[in-house]
Number of protein chains: 2
Amino acid sequence: MQNKVGREIPDAYLNDYALYESTKIGNPTIQKVAPKISVVKPGDEKLVASIEEAIDLAGLKDGMTISFHHHFREGDYVLNMVMDVIAKKGIKNLSIAPSSLADVHSEIVKHIESGVVTKVTTSGLRGKLGEAISNGLMDEPVILRSHGGRARAVETGEIQIDVAFLGVPSSDAYGNANGYKGESVCGSLGYAKIDAKHADKVILLTDNLVGYPNTPISISQTDVDYVVEVEAIGNPEGIGKGATRFTTNPKELRIAETVNQVITASPYFKDGFSFQTGTGGAALAVTRFLREEMLAKEIKASFALGGITKPMVDLLEEGLVEKILDVQDFDKGAALGMAKYEQQVEIDASCYASPYNKGAVVNQLDVVILSALEVDTKFNVNVMTGSDGVLRGAIGGHQDASNAKLTIISAPLVRGRIPTIVQDVTTVITPGDSIDVVVTEIGIAINPQRQDLIDCFTQAGLPVYTIEALQKEAEKIVGKASPIQFTDRVVALVEYRDGTLLDTICQVKD
Amino acid sequence: MQNKVGREIPDAYLNDYALYESTKIGNPTIQKVAPKISVVKPGDEKLVASIEEAIDLAGLKDGMTISFHHHFREGDYVLNMVMDVIAKKGIKNLSIAPSSLADVHSEIVKHIESGVVTKVTTSGLRGKLGEAISNGLMDEPVILRSHGGRARAVETGEIQIDVAFLGVPSSDAYGNANGYKGESVCGSLGYAKIDAKHADKVILLTDNLVGYPNTPISISQTDVDYVVEVEAIGNPEGIGKGATRFTTNPKELRIAETVNQVITASPYFKDGFSFQTGTGGAALAVTRFLREEMLAKEIKASFALGGITKPMVDLLEEGLVEKILDVQDFDKGAALGMAKYEQQVEIDASCYASPYNKGAVVNQLDVVILSALEVDTKFNVNVMTGSDGVLRGAIGGHQDASNAKLTIISAPLVRGRIPTIVQDVTTVITPGDSIDVVVTEIGIAINPQRQDLIDCFTQAGLPVYTIEALQKEAEKIVGKASPIQFTDRVVALVEYRDGTLLDTICQVKD
């Protein structure tokens, strides 16, 4: 069966999944779920001596689902540390449901090989783990979800977490925790908050045990079963690794300048507008250009959203952004802002981006700048599979933030010998329906659905192309790419944020 | 059947209720519940023109359960305002489940008489409403719950709220709300938070509509369906009405001084101790005496809990209390503190006091001072029915905070011609098992279960009596009271905080 982005879905998945229909999710009625908990009575203590003891007390067994957060990104120590203890205990057949995975988590390969882990759901897959899974490591396909889609899945019970292992930069012995204080700050605990509310058992790991009551209360004692003190939970320097750098690349700077022109020429650039930029060289450069325009035109943003970087916190300090709604911090500088600025406000993943609550913040977003590995002539975006078909990306908030009134993809025509603007993306991660403008170094293409923006940007004298023209320009530079060779075996399922099946990813041929 | 506090429970309730067994609630496994919601999609607006429109959109129908919070106490405008609209619409047979009711809500009598309201659950019943119910106004008994018990009942689905009407001192048009800002501040929204998380439909009423995003986010947009702007939601001056006054009564001052001696002579009075005082003349005086002792002995409290009064916020400002965990503010001064002090931290009713989560703050409480209408020789306390048997009180956090390591009841031997220390309380609200010390103007009585405290306070030279001796002293003053005349008809059920049936209250004889 073909779904509504033209992807062929193997019959095997038609029983378990509804096919992707539309980016318009409507107003369905949703029964949320809540955990089954064991009451902690007066006098009970939660502080235990080791991860192993916490695992025993939590009753972790073969076949259960466990979760982790990825606030430390490449600096995370918790997942590997906990998985090692679990493996040593001989527990098998676990589903792991981290909010995302990074290069640092390549050790999971060995736990899959030994049968400790048999199912994975995540937002991102990279490095050796991504390669191994693309080469057929697992029997069960990985389920890839956006940050909002994961929050939805946890809140509706599609992901039912038996035990959550959550690394926290500070906690008291009764489980009140936040990411603001300590040697290993990560700032917002936006993803962890959802797990703490929904897992049957919640184990906190901290390297910073503080007196009771620890405040602010990002994770509450009411949701925590056990607290374990460990040597270190993560390296804050690793949070920004590989993600945030200021570009000096002229092509990236040209793209950033054009993105800035698109924003400032749009009807959304006015006092009180809101935006999300994400990471990457161009995105950070956009923030700089935008700052100058905001100063020049005396425009202030009502809020900035997302994964937050230090330059965004600087805009807050400068008064150009009134508030930051912060689900995750993308570097140590942003993480440190949480303790410093009252207007940098922690929100959870559901509030950030779930399609199935009473309105996430992405619903209120004016402008978002997102990246792409590939964009095709239907404006579909791939941020998950590389030019070799291998899993090396993350959905992140891509599908979710594309709900903005103006969704901009910033991408070069080509990267080295690899085209970015293509006829058909290898994998559809965000449907073209929710993409408004693609910005490249030579010019922009506007989704034909948005005649208003075509008129607006043409009038503003921006270099407007059709997406087909951009694709041809890319092809001129690097020629026609030969198609990637996949087997028929599905190694990953891509969910749309509402849980419908958007695409499948197959094993690559050797 | 008799339950474990010796109360005769009519057979009619044995099917629906387990009988009260013990203040020790153990570690039961609890399935929590979550609401069934309608998704709010991008572009949907929540701001509606009137309460009536919000009621229509929310689909309020005959037989449903609606809720309100009581943060404005005697200053609340919302409940009466909403009930009038509902009554005009001709909706009947509603259950109302406010977190509590005050004198100002006497208008409910007419809604019960007209069949708009047929069931009530609350923490408090006073004034004309209490009288009318005690005189047989309702067919169905009112269910009386503690604040922690109500949070438990909401979180386990015993109270299933169809529509919550929540007055909020500030909100944006998308439903982010707090009690800190505006003309009508109430401070913490601790009770409202639980309803917002669990009601299927949530309607906010505000007299202070602010720009998006409103922060701090005490109630989140993710939980709110509609926002209605109204003229005024409440009068902050009414919050403290009748509750907080500084006593100059020599008897009350003597009691307060003795309470202070009990606390400071106890093993719990040391650096880092925690306490809750509540309201009432003696309680406030205790705070003053305690302050002097803390200064003299260089002792600081780690946290103060509860309903918070301005004198407690003063201790925070002075540095004698490190943090305030604030479920409710008992006066405007305390409410204003929320915006001012980072260390005055809002917590919800479940975190404050629910017996069925992973540990409420009451579990961590060292010392609590509570009041009583009656205390009996089994140390059982009544804070609900007056000497005429009429409903004129509130359970509040009484059952919950009695979990403290040192639970002190401060009460005069007699009030006018009415004895406070009695053979048997008219109504058991808090079982004697969780009461440690009763302090009167002539001396103290210690629960025989607490030999450690008997030794401690005798050694400290405190005027230690048996509870029977205190009861006899009271009887000497006012004589034997003639028993209250009740009919057999039950007008209210008293739940213990775990939902077991603790006592029943019958209709009074004319």
Side-chain angles (χ1 to χ4, degrees), chain A residues 24-44 46 155 157 174-175 198 202 211-213 215-217 220-225 272 274 302-303 322-323 325 342-343 345-348 350-351 354-365 403-405, chain B residues 24-44 46 155 157 174-175 198 202 211-213 215-217 220-225 272 274 302-303 322-323 325 342-343 345-348 350-351 354-365 403-405:
Chain A
K24 308 278 177 285
I25 50 153
N27 302 102
T29 298
I30 300 296
Q31 177 61 57
K32 293 192 171 190
V33 298
K36 186 184 256 183
I37 64 144
S38 294
V39 165
V40 175
K41 68 175 191 299
D44 289 349
K46 299 185 182 183
E155 290 191 314
Y174 213 52
H198 288 86
V202 174
Y212 184 92
T215 60
I217 302 172
S220 167
Q221 63 181 50
T222 56
D223 300 317
V224 174
D225 295 274
S274 60
S302 56
F303 71 93
E322 275 181 49
K323 298 193 178 166
L325 299 181
E342 196 191 351
Q343 308 296 69
V345 178
E346 189 172 19
I347 57 171
D348 66 36
S350 177
C351 187
S354 171
Y356 280 4
N357 58 31
K358 294 176 182 174
V361 181
V362 290
N363 295 3
Q364 294 288 327
L365 197 56
N403 271 289
K405 297 192 182 71
Chain B
K24 309 275 177 286
I25 50 155
N27 302 102
T29 298
I30 300 297
Q31 177 62 58
K32 291 193 173 192
V33 298
K36 184 184 259 184
I37 64 143
S38 295
V39 165
V40 175
K41 66 175 191 302
D44 289 350
K46 298 184 182 181
E155 290 192 314
Y174 213 52
H198 287 86
V202 174
Y212 183 92
T215 61
I217 301 172
S220 168
Q221 61 181 51
T222 56
D223 300 316
V224 174
D225 294 275
S274 59
S302 57
F303 72 94
E322 277 182 47
K323 299 195 177 165
L325 298 180
E342 196 191 351
Q343 310 295 67
V345 178
E346 190 172 16
I347 57 171
D348 67 35
S350 177
C351 186
S354 172
Y356 280 4
N357 59 30
K358 294 175 183 175
V361 181
V362 290
N363 295 3
Q364 293 289 327
L365 196 57
N403 270 289
K405 296 192 183 73

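Per chain, numbering begins at 1; letters A, B, ... match sequence-line order.
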For this session: Please look at A:Tyr174 and chain B and tell me whether the side chain, the backbone, both or neither of the residue comes under 4.5 angstrom of a heavy atom of that chain.
Result: side chain
Problem set entry | Distance-only polar pair, side chains of A:Ser38 and B:Asn27, donor-acceptor under 3.5 Å | no
Exercise. Of the backbone (N, CA, C, O) and the side chain (C-beta and beyond), which part of B:Pro216 lies under 4.5 Å from a heavy atom of chain A, both, or neither?
Worked result: neither
Seminar exercise, completed: Turns out that what part of B:Glu155 lies under 4.5 Å from chain A's heavy atoms comes down to neither
For this session: Using non-hydrogen atoms and a 4.5 Å limit, figure out which bit of B:Val345 sits close to chain A: side chain, backbone, both or neither.
Result: side chain
Exercise. Who wins among A:Thr215, A:Asp44, A:Val33, A:Val362 for the most heavy-atom pairs under 4.5 Å with chain B?
Worked result: A:Thr215
For this session: Heavy-atom pairs under 4.5 Å with chain A are the metric here; pick the option from B:Gly272, B:Pro28, B:Gly43 that has the most.
Result: B:Pro28
Exercise. Shortest non-hydrogen contact from A:Val40 to A:Lys46?
Worked result: CG1-CE, 4.0 Å
Exercise. Do A:Glu322 and A:Ser302 have a side chain donor and acceptor closer than 3.5 Å?
Worked result: no
For this session: Would you check if the side chain of B:Lys323 reaches a backbone N or O of A:Pro213 as a donor-acceptor pair within less than 3.5 Å?
Result: yes
Problem set entry | Residue A:Leu365 versus chain B: region with a heavy atom under 4.5 Å | neither
Exercise. Hey, are the side chains of B:His198 and B:Asp223 touching, using non-hydrogen atoms and a 4.5 Å cut-off?
Worked result: no
Seminar exercise, completed: If you tally heavy-atom pairs under 4.5 Å between each of A:Ile25, A:Ile37, A:Asn403 and chain B, the highest tally belongs to A:Ile37
Exercise. Donor-acceptor pair, A:Lys41 side chain versus B:Gly26 backbone, under 3.5 Å?
Worked result: no
Problem set entry | Pairwise distance CD(A:Gln221) to OG(B:Ser350) - rounded to 0.5 angstrom | 9.5 Å
Exercise. Side chain, backbone, both or neither: which part of A:Glu346 has a non-hydrogen atom closer than 4.5 Å to chain B?
Worked result: neither
For this session: Let me know if A:Ile217 has heavy atoms under 4.5 Å from chain B in its side chain, its backbone, both or neither.
Result: side chain
